[in-house]
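Hydrogens, waters and symmetry mates are skipped; everything else that's a heavy atom, side chains included, is used. Note that the coordinates shown come from a computational prediction; the quantities given were computed from them, not determined experimentally.
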Amino acid sequence: MSQNKKNKLFVGGQLRGALLQSFVKLNPRKMFRNPVMFAVEVGTAIMFAVTIYMILSGDTRQGSVGYNITVSFVLLLTLLFANFAEAIAEARGKAQADSLRKTREETPAKWIQVVGDTYVNEIKIVPSSQLKKGDMFLCEAGDTIPMDGEIMKGIATIDESAITGESAPVIRESGGDKSSVTGGTKVLSDSIKVKVTTEPGESFLDKMIALVEGASRQKTPNEIALTILLAGFTLVFVLVCVTLRPFSEYANSPITIAAFVSLFVCLIPTTIGGLLSAIGIAGMDRSLRANVITKSGKAVETAGDIDTLLLDKTGTITIGNRKATNFFAAPGIDEIHFTKSLVLSSMADETPEGKSIIELAGINPSSLQLEQPRFIKFTAETRSSGIDFGQTKIRKGAADAIKSIVEKAGNLYPAEIAERVSIISRDGGTPLVVSENSKVLGVIELQDIIKPGIHERFERLRKMGIKTVMVTGDNPLTAKYIAEKAGVDDFIAEAKPEDKMNYIRREQQEGKLVAMMGDGTNDAPALAQADVGVAMNSGTQAAKEAGNMVDLDNDPTKLIEIVEIGKQLLMTRGTLTTFSIANDIAKYFAIVPALFIVSIPALQHLNIMNLHSPESAILAAVIFNALIIPALIPLALKGVAYKPIGASALLRRNLLIYGLGGVIVPFIGIKLIDMVLALFM
């Protein structure tokens with residue numbers, strides 16, 4: 001996958017394959033799916049038929065044979081260029097599929113016999129293709145995981161680089177939201193027992209291959225709507241060309257079939273018609289290069305129209321581990337003694353919070369000499385931890401838990417400490433109170449560290465018109481503080497699965513599109529309800545099945561990137577449609593005067609490009625119409641550069657660059673081609 005990301009826009013092997021497919025796609029059954037290009041193919045067939053008739057009969061009423069042959073081949077090139085745009089987009093997907101197939105090799109699996117809920121010690125080596133949904137297998141250090149599954153027992157370090165392209169190993173374990181493993185990845189340490197969650201041929205890797213090859217790609221609603229619009233344009237210009245015949249007879253200015261076909265092909269939106277499919281394929285391709293597997297092109301497109309974005313606080317907005325930021329000693333307590341007590345209470349605390357306390361204190365625990373210390377582990381019942389040595393008992397825990405210990409011993413809980421606890425909570429922090437022999441020593445302030453740059457990213461989303469919502473299990477006071485500091489628009493505090501669902505439904509009832517990310521089974525209902533549900537690859541099978549996207553990198557901030565990819569897809573389609581329609585203006589000024597200029601000399605005033613002759617004008621317009629398609633293929637594949645600006649500003653920018661550019665470029669291009677043709681005509 002990492003190699004795929006580095007692929008150049010055009011690769012030799014892909015070009016050769018795409019060139020061959022350009023001819024294969026001339027099959028009328030394939031062309032019929034694209035009304036615009038099918039109409040061009042019909043026109044091309046008519047031109048070749050007319051040309052062959054002229055050669056065989058010697059009839060010159062339709063112009064010279066050489067001129068008609070030239071028009072016929074230029075129209076054929078128009079078709080081939082349009083087919084090439086789609087074929088090169090598909091070839092890039094097939095190249096990624098070939099790379100993935102190398103990962104999906106026949107792998108020996110250590111099948112475990114299961115009787116009821118009991119593992120039988122007998123292990124049998126079977127090919128991975130024989131594993132069925134519900135089977136169990138064992139994976140030890142050095143083994144390749146044969147099939148997608150859920151870890152039922154054990155914990156292991158796994159190399160997922162074959163799928164994600166990331167070399168850093170990850171930890172997967174049973175019983176949590178990080179229990180899912182993917183076939184083709186490799187176990188680096190320990191051993192795990194895995195339950196197969198997919199049938200043969202339906203693994204995650206199989207689905208990836210089908211998606212990137214385009215076999216599962218269906219036209220999106222916007223793409224279908226645009227195709228219908230383009231078909232309408234085509235029908236209108238058929239009527240326009242048909243009605244020109246009586247006008248030409250009335251003006252005593254006969255129009256050749258070559259001129260009629262050329263006018264029709266140049267007036268219909270062939271540019272966007274030829275590139276439309278390539279734009280859709282490239283959109284899915286860009287999401288895959290961002291290590292996001294989409295179950296349909298609709299999901300990518302919908303991401304570009306998202307109104308509301310739900311994001312978990314932990315790991316997305318905050319780093320994920322709270323850190324000690326301040327120590328506050330109680331009145332009358334020596335600060336050095338207090339700091340030393342903090343270190344003692346955290347010596348056996350392996351959590352990131354415990355390590356951060358020792359780090360902030362700046363005291364090496366090994367320098368503290370203790371006789372027969374007894375460490376007290378944290379429990380949900382006591383909500384505290386600590387250490388006992390000699391006659392000393394130090395406890396560290398939640399404010400109310402330590403308060404209970406202090407008051408039960410008949411000691412006073414200082415009002416200053418209660419006030420400090422309230423201030424820390426109000427500021428979005430977590431207070432931990434420390435006591436020694438049931439006497440309060442002071443308070444530790446823990447803070448969720450907000451990720452650097454996250455405020456700016458939310459500002460970018462706001463400029464896109466997207467509302468950001470933070471989802472957290474924190475109390476409303478803490479949630480409000482972090483939401484304000486991070487710059488999100490709203491928050492859901494003390495969030496339960498049904499709270500996420502209800503919020504998404506409320507937004508959707510107001511006509512808004514909602515996106516969210518999750519990894520646990522409890523996230524599955526909300527992921528299914530959301531218009532764009534992004535599941536973590538490390539998450540549970542339920543989450544991955546509920547969402548319509550899977551993030552291979554397990555990066556909670558990827559949702560923001562997905563939105564930008566979706567918007568880029570919509571922008572690319574919109575800008576190229578604008579450019580294509582604007583192109584027609586120059587073609588009017590090239591072809592229409594050329595048709596009637598002999599019988600109506602006054603039309604010379606419309607020949608503002610001062611083209612050499614009617615024949616050169618028509619031919620120049622047709623050649624430009626063909627050449628503009630391959631010229632825009634790189635833009636269709638790479639996408640229009642996206643900037644987070646408002647919709648109105650985006651429309652102005654679109655019209656200025658691609659609307660005005662679509663008018664000016666053809667005038668220049670047609671004139672230059674006409675100057676070259678004048679040398680030979």
Side-chain angles (χ1 to χ4, degrees), residues 177 307-326 328 351-353 356 378 380-381 383-384 396-404 413 415-433 443-451 454-455 457-459 461-462 466-510 512 514-520 522-523 525-527 529-530 556-557 559-560:
D177 291 341
D307 300 297
T308 306
L309 199 57
L310 268 66
L311 297 156
D312 274 334
K313 182 203 75 173
T314 305
T316 305
I317 296 171
T318 63
I319 289 174
N321 297 318
R322 294 171 299 176
K323 288 189 175 183
T325 54
N326 273 304
F328 300 96
T351 65
E353 292 91 340
S356 73
F378 177 88
E381 185 179 351
R383 297 173 64 207
S384 63
K396 173 189 71 181
D400 54 349
I402 300 300
K403 183 179 180 181
S404 176
Y413 187 80
E416 294 86 352
I417 292 299
E419 177 64 21
R420 177 57 62 183
V421 166
S422 177
I423 292 171
I424 292 172
S425 298
R426 193 165 58 243
D427 289 345
T430 302
L432 293 179
V433 179
V443 183
I444 304 166
E445 180 179 6
L446 299 177
Q447 284 286 355
D448 280 309
I449 307 301
I450 293 175
K451 287 186 174 181
I454 199 72
H455 194 283
R457 299 194 77 175
F458 287 141
E459 186 59 36
L461 289 169
R462 197 169 291 110
I466 296 173
K467 175 185 176 183
T468 51
V469 181
M470 181 184 78
V471 181
T472 177
D474 289 334
N475 62 70
L477 202 63
T478 301
K480 183 172 184 287
Y481 175 83
I482 294 174
E484 290 174 352
K485 198 170 179 182
V488 295
D489 300 309
D490 199 0
F491 64 89
I492 306 173
E494 298 175 343
K496 297 183 287 295
E498 56 268 27
D499 296 329
K500 301 176 191 177
M501 280 278 291
N502 292 337
Y503 194 98
I504 292 171
R505 283 173 177 162
R506 281 200 306 271
E507 293 289 298
Q508 290 173 333
Q509 285 168 4
E510 294 175 10
K512 297 177 181 177
V514 184
M516 79 157 285
M517 179 173 273
D519 59 1
N522 63 341
D523 291 324
L527 285 169
Q529 180 69 35
T557 63
L559 206 49
I560 299 171

For Phe458 and Leu311: C-alpha separation, side-chain torsions, deciding distance, then whether side chain to side chain contact (heavy atoms under 4.5 Å, CB included) applies.
CA-CA 11 Å; Phe458 287 141; Leu311 297 156; 3.3 Å; yes
Go through Leu310 and Ile504 one step at a time and tell me if the side chain to side chain contact (heavy atoms under 4.5 Å, CB included) criterion holds.
CA-CA 9 Å; Leu310 268 66; Ile504 292 171; 3.9 Å; yes
What residues form a side-chain hydrogen bond (donor to acceptor under 3.5 Å, both in side chains) with [X], not counting sequence neighbours?
X: Asn502; answer: none
X: Glu498; answer: none
X: Arg506; answer: none
X: Thr430; answer: Arg322

With sequence neighbours left out, what residues match Glu416 under salt bridge (charged side-chain N to carboxylate O under 4.0 Å, His left out)?
none
Glu494: what forms a salt bridge (charged side-chain N to carboxylate O under 4.0 Å, His left out) with it, not counting sequence neighbours?
none
In terms of heavy-atom contacts, Ala526 and Met516 come closest through CB-SD, 3.2 Å
Please report the closest heavy-atom contact between Lys467 and Tyr503, naming both atoms and the distance.
NZ-OH, 3.1 Å
Taking only residues two or more places apart in sequence or in another chain, which ones pass side chain to side chain contact (heavy atoms under 4.5 Å, CB included) with [X]?
X: Ala479; answer: Met470, Thr472, Phe491, Ala493
X: Pro431; answer: Val421, Ile424, Ser425, Val443
X: Lys512; answer: Asp307, Thr308, Glu507, Glu510
X: Tyr481; answer: Asp427, Gln447, Lys485

Of Val514, Val471, Leu527, Val469, the residue whose pairing with Lys500 passes side-chain contact (heavy atoms from CB on, under 4.5 Å):
Val471
The reported gap from OG1 in Thr325 to CD1 in Ile444 (rounded to nearest 0.5 angstrom) is 10.5 Å
Between atom NE2 of His455 and atom CD of Glu459, what is the distance when rounded to the nearest 0.5 Å?
7.0 Å
Would you call Asp499 and Lys496 a salt bridge, using N to O less than 4.0 angstrom?
yes
Main-chain N/O of Asp489 paired to Thr468 side chain as donor or acceptor, under 3.5 Å
yes
